[in-house]
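Each remark here refers to the structure printed beneath this line.
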Amino acid sequence: MSMSHNKIPVTVAEVVTLNPLIKRFRFVRRDGASLPAFSGGAHVVVEMDDHGTRRMNPYSLMSAPSDTTGYEISVRRDDVGRGGSLYLHQHVKVGDDLVISAPVNLFGLDLQAKKHLMLAGGIGITPFIAQMALLSAMAGRFELHYAARNPGLAAYADDLRARYGDRVQLYYDDQDQKIALAPLLAGQPLGTHLYVCGPKGMIDWVRRTATDMGWPQQCVHYEEFLAPPTGKPFQVELAASQKTITVGPDQSLLEAIEAAGVDAPYLCRGGACGQCETDVVSCDGHIQHHDHWLSDEEKATGHKIMPCVSRFEGRSLVLDR
Amino acid sequence: MGLDFNQETFRNDFTFRNSPKAIRRFPFPFHEDGYMYSVNLEPHVPGPKGSVFEHTFDVDEHYVAEMRDRALVLAEDPLRCQSLPHMTLAGWDLLELIMTSKARDYPHWFELHKQGDKWHWINKPLEIEQKFTFGDETTLPYGPMEYITRQTQGDFSLQDHRDDNLWMDAGMITTQADWSLDFDVGMSFHEWHAPVPLAHEKGIFDRALKFLLNLQLGAPVRRFNWTMTVDPLLDTSPETYPQWGPTRASLTPETIGKRMHLRVELQTLIRLPRSNAIAFPIRCYLIKFDELVTVPKWGRRLHRVIRDLPEELAVYKGFARNRPMMLDYLAQYDDGTPTSPGIWPD
Ligand code: HEM
Ligand code: FES
């Protein structure tokens, strides 16, 4: 019952430099057919051959969900990370062929909500752009609060203001503007759902404040993709396929498993979906759990690992894969 | 059209029957000589030509008669079709999926012409032609889910995906094996499965839900379910139980071959694009015992399955009291020789 990975061959149709850090890419199907419609908040995994290393990074779709002629993503350059975004920025140009996954949504709108209150930080704006397009087509009620470092880096701020007027509120760090979260949450009508996407600090702050103010858990939605962290290289034994692999410093365990020709399940590649969950056969050392999937108790027992983001340090690790 | 579709009824005089061709392609659900609940899911990929798996939605000789039966059920009880307000988008997803699949797979029967969001749908077997605006409910005579499922064989439920669960928030349910949409609507995956025996303890629903929450766009899966029905009734609902329940006591050894039917549900699970909901088409196929035993492998195997089935399942499926009579009938077709693997006739 393995997940069949549904891949879509695409060509880059457009690359737009929005500001020094952010580029937008538009993909169309290589065979000219239409892409599937998608749901606001969905992402695709983009596959890249980064000079011999296969990178697969998730990016939220930001084009209108009903536009089946192309998909758009925005990529923030990450100079210290392990590539992927840097590769897209420096090497990918119009006319290039890439492979993307079918859209997956781990950050869907709750369509029962009476109102959608959206909080975006920086590049976390992208899923909301698609969601707002959908909601405005359905006459849904929404409000966006968008925080960025400065106006120059607030990609899409002007567009969104022009399209949605004061349903969009902007906040700039270097002008000392900050979302007044407690009063904002206190003033919401019954049945409001809260969505947050942005840096980890912002997500934690919003979730904590909402919880403290008594917001029910099912009304608070967040999306945080972890880039697989880098770390020291380590060895892993794959018991089922009888292979021993070495995970490089800027490679994820999942990437190393794939590079060894072993088929492993995944969806988000960001520690969120649970699909890559793998049983640990034996472990002499310390698993560095980085995912949002396993419970604290599961992490403590060390019987499971999420290879898309987690790493290992120690003498030996054997996985059932 | 007349040649393609049977003139038949699923009530009163019960003239329903399968042609020899329909018998050969019947989706016999047992791949071995026994049965127990399992997470029996496989990719819903196109199967052999002419089989019920050939297309996303199978349209067969019973199409027109089944749609007439559905209209009769709905006229008596409109609550068989319900859609909570937030499910309209999923209804459009379903309408798009069915119209595009049928127009692609059966171009001689169905046509779909699109100019942006101006759509033109032609359904020749049912003599329907409709111009409408995709996404605008006011341009259709019913909501999108009801509109398209009045023209599509099988029941449909639509599950909203939220809070790490699936919620049965819409459906068109008129050909069900004794469960009620009006009762289940708004329930979550474990709630609507509560009456099923043994499967909870085996962890089947926990694993199935986990799998479904990760179901991907463009990668649908399918499974079989089955039960027994006396007389070819599509609508065996709790609401109409007083009409059909007692008939189970009127079976005799003389009538069992003609009146007892194996009822197979081909269930598919399909992620919908715009709403991120999951569609669950439940397509019901009926076959009389007399028709079924014309395939020797099936007669042998069904005898063994029914003989060895745990009592809890026979009770839940509603044929415990008729089991001895069914076994007497089926034993005549089981000579004890081995059966070949797989579901298809030899
Ligand atoms: C979202 C999709 C699904 C829906 C809407 C659904 C709905 C239902 C309903 C309404 C029943 C009847 C319960 C009653 O007696 O009232 C049922 C029975 C059952 N379901 Fe599901 N189901 C779904 C998916 C699944 C999956 C994926 C599995 C297993 C892998 C499964 C396994 C079963 C089993 C074993 C029964 C008992 C059937 C029998 O013995 O007749 N279901 N389901
Ligand atoms: S692939 Fe999603 S958690 Fe690892």
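Here is how names work: the chains are called A, B, and so on, in the same order as the sequence lines, proteins then strands, and each is numbered from 1. These numbers come from a predicted model, not from an experiment.
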Within 45° cone and under 6.0 Å: B:Arg274 NZ/CZ vs A:Phe38 ring | no

Chain B shares the most heavy-atom pairs under 4.5 Å, among A:Ser66, A:Ala37, A:Ala102, with A:Ala37

If one checks every heavy atom of B:Asp163 against chain A at 4.5 Å, the contacting part turns out to be side chain

Q) Are A:Asn6 and B:Gln216 close enough that a side-chain donor and a side-chain acceptor fall under 3.5 Å? A) no

Closer than 4.0 angstrom, basic N to acidic O: yes or no for A:Glu298 and A:Lys304? no

**Study point:** NZ/NE/NH1/NH2 to OD/OE distance under 4.0 Å, A:Glu255 and A:Arg54
**Key:** no

Most contact-rich option vs chain A, by heavy-atom pairs under 4.5 angstrom, among B:Lys210, B:Glu96, B:Met87, B:Arg271, is B:Lys210

Under 4.5 Å to a heavy atom of chain B? For A:Pro103 that would be both

When the 4.5 angstrom heavy-atom criterion is applied to B:Leu89 and chain A, the contacting part is side chain

Max heavy-atom pairs within cutoff under 4.5 Å with chain A, candidates B:Asp164, B:Val221, B:Leu217, goes to B:Leu217

Honestly, the part of B:Arg162 sitting under 4.5 Å from a heavy atom of chain A is side chain

Under 4.0 Å between a Lys/Arg side-chain N and an Asp/Glu carboxylate O for B:Glu42 and B:Arg223?
no

Okay, A:Leu134 and chain B: the region with an atom under 4.5 Å from a heavy atom over there is side chain

Got a salt bridge between A:Asp204 and A:Lys200, using NZ or NE/NH1/NH2 to carboxylate O under 4.0 Å?
-> yes

**Message:** One thing to verify: whether B:Glu32 and B:Arg301 come together as a salt bridge, which I'm taking to mean a side-chain N less than 4.0 angstrom from a carboxylate O.
**Reply:** no

Cut-off 4.5 Å, heavy atoms of chain B, and the answer for A:Asp110 is side chain

